[in-house]
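All remarks here apply to the structure that follows.
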There are 4 protein chains.
Amino acid sequence: MGRINIRSIRRQQIVHAAEELAAQRGWAETTIADICKKADISVGGLTHHFKDKDDIMFAVLEDVIHRLHDRLVASVSKEEAQQNPGAFLHAFCQSIESDRSLYRLILHFASSSIHRPDIKQRLKAFFASLHQRDEAQCQEQEKRKDKPYIRSQAMADLLQCVGLGLILGYAFLDLQTPAEQMEVEAAKLLLPYIQYQSASSPQS
Amino acid sequence: MGRINIRSIRRQQIVHAAEELAAQRGWAETTIADICKKADISVGGLTHHFKDKDDIMFAVLEDVIHRLHDRLVASVSKEEAQQNPGAFLHAFCQSIESDRSLYRLILHFASSSIHRPDIKQRLKAFFASLHQRDEAQCQEQEKRKDKPYIRSQAMADLLQCVGLGLILGYAFLDLQTPAEQMEVEAAKLLLPYIQYQSASSPQS
Amino acid sequence: MGRINIRSIRRQQIVHAAEELAAQRGWAETTIADICKKADISVGGLTHHFKDKDDIMFAVLEDVIHRLHDRLVASVSKEEAQQNPGAFLHAFCQSIESDRSLYRLILHFASSSIHRPDIKQRLKAFFASLHQRDEAQCQEQEKRKDKPYIRSQAMADLLQCVGLGLILGYAFLDLQTPAEQMEVEAAKLLLPYIQYQSASSPQS
Amino acid sequence: MGRINIRSIRRQQIVHAAEELAAQRGWAETTIADICKKADISVGGLTHHFKDKDDIMFAVLEDVIHRLHDRLVASVSKEEAQQNPGAFLHAFCQSIESDRSLYRLILHFASSSIHRPDIKQRLKAFFASLHQRDEAQCQEQEKRKDKPYIRSQAMADLLQCVGLGLILGYAFLDLQTPAEQMEVEAAKLLLPYIQYQSASSPQS
DNA sequence: AATGAATGAGACTTCATTCAT
DNA sequence: CATGAATGAAGTCTCATTCAT
């Protein structure tokens, strides 16, 4: 077990170094030597833990997804989510400001997705899981209120786009609007839309 | 004049080839040799027209911005815009489906912005110009209706994020929702929000 | 004849431009495009006058030799030279300060001589001609005075080295000693040596 | 320690190969591939030890200066120098014949100095250090003999020029005069001048 | 004679990967 | 496990030269 710990500690060192560098300069501009220097490990040492540069990249991707999951899903308990439809939005807006480097990495991977089907697949799978969870929550919520749950694909897509847009906005445009204010504003935009939808769409 | 035409024709050839390749594989994965092959020109010939690989990239960026401008701004006449607040949205959604490679390039440049201040500056300047135009239109429109025009910074940022989100969604997630449907849905989301804002915020 | 003049004027333009650039940056660092720009001529135009980059270089070499000849030989009339053994030294020291770029070019060609036998041959031939002329003058002078003229090869070589050294010193070390002072100093060094030689070496 | 040795051994291999080639063909005509072939190392291996082609060049420059220092300074013990003013001249003339490639490199660097201030600075610093040492020796020597030491700047410059001239003469003109003979001749030229100077210039 | 666009060989440099120690 | 020297492929860029107009 000590072994395993050392292994995973080393891996973490490397992944963190890679993340930091990639968020600053981009992945293509980050060399293995850079990562080694920052992680304080030799080139050969790195090779023991990661077969490839790609191997590191996927580890970074997993870590990014994991961190995003923690922020958006794990931090919002089921009960909260059910009682307050804005809880997710709150968690999202909180994270958006406190962890810009995370969103830079997401933007980076999203861009890479264009020519890397493997990355695309992984990312889409994650977003799909978010979406499913969201849907499940809605259904449960609506069930409780005895209202039929209906959410069209277009609606789901649109909501996802809005989420991505906020990420892109903060990662790329460096929006100065503070997260709390943005949260209020986004609530004004989204809540009526969501409620209007569930109320008015008996058939989609 | 023949000379000038030849110059610009060649430049166009090269820029188009570069765009096509970059939209497919990404810029870093596109070699100068690839561009030359696709543009049917020799390496040295390319050098005559572009100093650098970067020089090509900026030409591509300008072309992308130009195309986006045409789609979003030029195609919506002033009159239309004033009479129909959804005209812009319409133009946007139209373009989103017909020209995915354009949005891939934008996603690419957005991602590059993270570590290339020069690209970031150019892109932000363009988005700011879009935003200004939008604001001007709103003011004019509201003036006519004798209603005070108020749009908070947060609102403007949010709307810009939504736009970026749609781009990112289509460029990266390959959304299958057809553009017309998405337009309808986006209208449901945005129009109430916009009108609510202008109605309810006498002072921001 | 007009034709010939135009030709030679163009050639001069080009050679002068090439000299200026080579004296500043060195020959290898001077591109044909640079020369064209400075000579205000197109690449193709240059080709009409010079077959090669080498062709230009040899034209420069000839011009340099010509200028040096003018300074060292032509400017010292035969009579002067015979009456005053320091006349040559004077001409030399004069030129050394007034035309440093000339000496830079000589240093450049001297250095190139190492790997370019053709340049070496041309330069050595010129220096040999200088040497011969010097010797002839000495003989004539000595004959008049009824003293046997003897100058060993070693002596000739040494004197040539001193000359080269002054060139190198000014071209490379940027000596600050004014030419007049250097002339005085060199006279103190050389004149006794020359006279001592001719007096004391009845047989070499 | 093994590591360090390997590093410096490899560096030496590379520097020596570079020197040999540069002395033959000139630096600009020496490609990195050539150096690699001669040093029996791969391109990437070379990069490990030298960042740049320039980096190699400066290592060569340092080596050249080091070798020159050894020949001219280290080989002449202080005692010798003080007792025999010709010792330095002797060392110099000895070296001039036995190590022509060294002088070719010096000529090369001198020529490069024209357009490379960094090289110029390094070389001038070395020659200045030679000059200082020379001056210090003279002062000590003269002190012992109770004669005032006076050496004008012009005199120092002239002597340095003579030294450079001998280098240039052998490096460039391929003088055939054997070193011993040249030494005798140079002594005839210089010794009277030096002694005359120190005797006759109570105030300069 | 003149123009300058086009060519393509070749140089420099970077870097992911391998491997002996 | 770890080190870092070594490899060599691949990419970018420069530039002398050619050639159609």
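As a basis for the values below, the full set of heavy atoms in this structure was taken, side chains included, without hydrogen atoms, waters or symmetry mates. Chain letters run A, B, ... following the sequence lines, proteins first and then strands; every chain starts at 1.
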**Request:** Could I get the full list of side-chain contact (heavy atoms from CB on, under 4.5 Å) partners for L168(D), not counting sequence neighbours?
**Result:**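 For L168(D) the side-chain contact (heavy atoms from CB on, under 4.5 Å) partners, ignoring immediate neighbours, are A110(C), L164(C), L168(C), L107(D), F172(D).
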
How close or far is atom [atom2] of [N] from atom [atom1] of [X], stated in whole angstroms?
X: R10(D); N: dT21(E); atom1: CZ; atom2: P; result: 12 Å
X: K37(B); N: dA6(E); atom1: NZ; atom2: P; result: 20 Å
X: I32(A); N: dT3(F); atom1: CD1; atom2: C1'; result: 15 Å
X: E29(A); N: dT12(F); atom1: CD; atom2: P; result: 13 Å

[X]/[Y] ion pair, N-O < 4.0 Å:
X: D55(B); Y: R11(B); value: no
X: D118(B); Y: R122(B); value: no
X: D63(D); Y: R67(D); value: yes

**Request:** Verify the contact: side-chain N or O of R7(B) to OP1 or OP2 of dA5(E), cut-off strictly under 4.0 Å; return yes or no.
**Result:**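 Indeed, a polar side-chain atom of R7(B) lies that close.
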
**Asked** Using a heavy-atom distance cut-off of less than 4.0 Å, which residues of residues 40-59 of chain A contact DNA chain F?
**Response**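 Close to the strand are I41(A), S42(A), V43(A), G44(A), G45(A), H48(A), H49(A).
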
**Message:** Requiring both pairing distances under 3.5 angstrom, list the stems that contain DNA chain F and are made of three or more consecutive Watson-Crick or G-U pairs.
**Reply:**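 Result, WC/G-U stems under 3.5 Å: E:2-21 with F:2-21.
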
**5′-ward residue of the pair A33(D)/T30(A) relative to DNA chain E** =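 Nearest nucleotide further toward 5': that of A33(D).
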
**Prompt:** About how many Å separate CZ of R10(D) and CD1 of I41(D), when rounded to the nearest 0.5 Å?
**Reply:**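 Those atoms lie 4.5 Å apart.
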
For [X] against [Y], the heavy-atom pair lying closest together:
X: R25(D); Y: E29(D); answer: O-OE1, 3.0 Å
X: A23(D); Y: I114(C); answer: O-CG2, 3.2 Å
X: S113(A); Y: L123(A); answer: OG-CD1, 3.8 Å

**Request:** For dA1(E) and dT21(F), measure between their P atoms and round to the nearest Å.
**Result:**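 These two P atoms come out 22 Å apart once rounded.
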
**Asked** Any chance NZ of K37(B) has more than 12 other-residue heavy atoms, nucleotides or ligands included, within less than 6.0 Å?
**Response**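 Check fails, neighbour count at 12 or below.
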
**Asked** Of the nucleotides dC13(F), dA16(E), dA2(F), which one has an atom closest to the side chain of T31(A)?
**Response**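 That would be dA16(E).
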
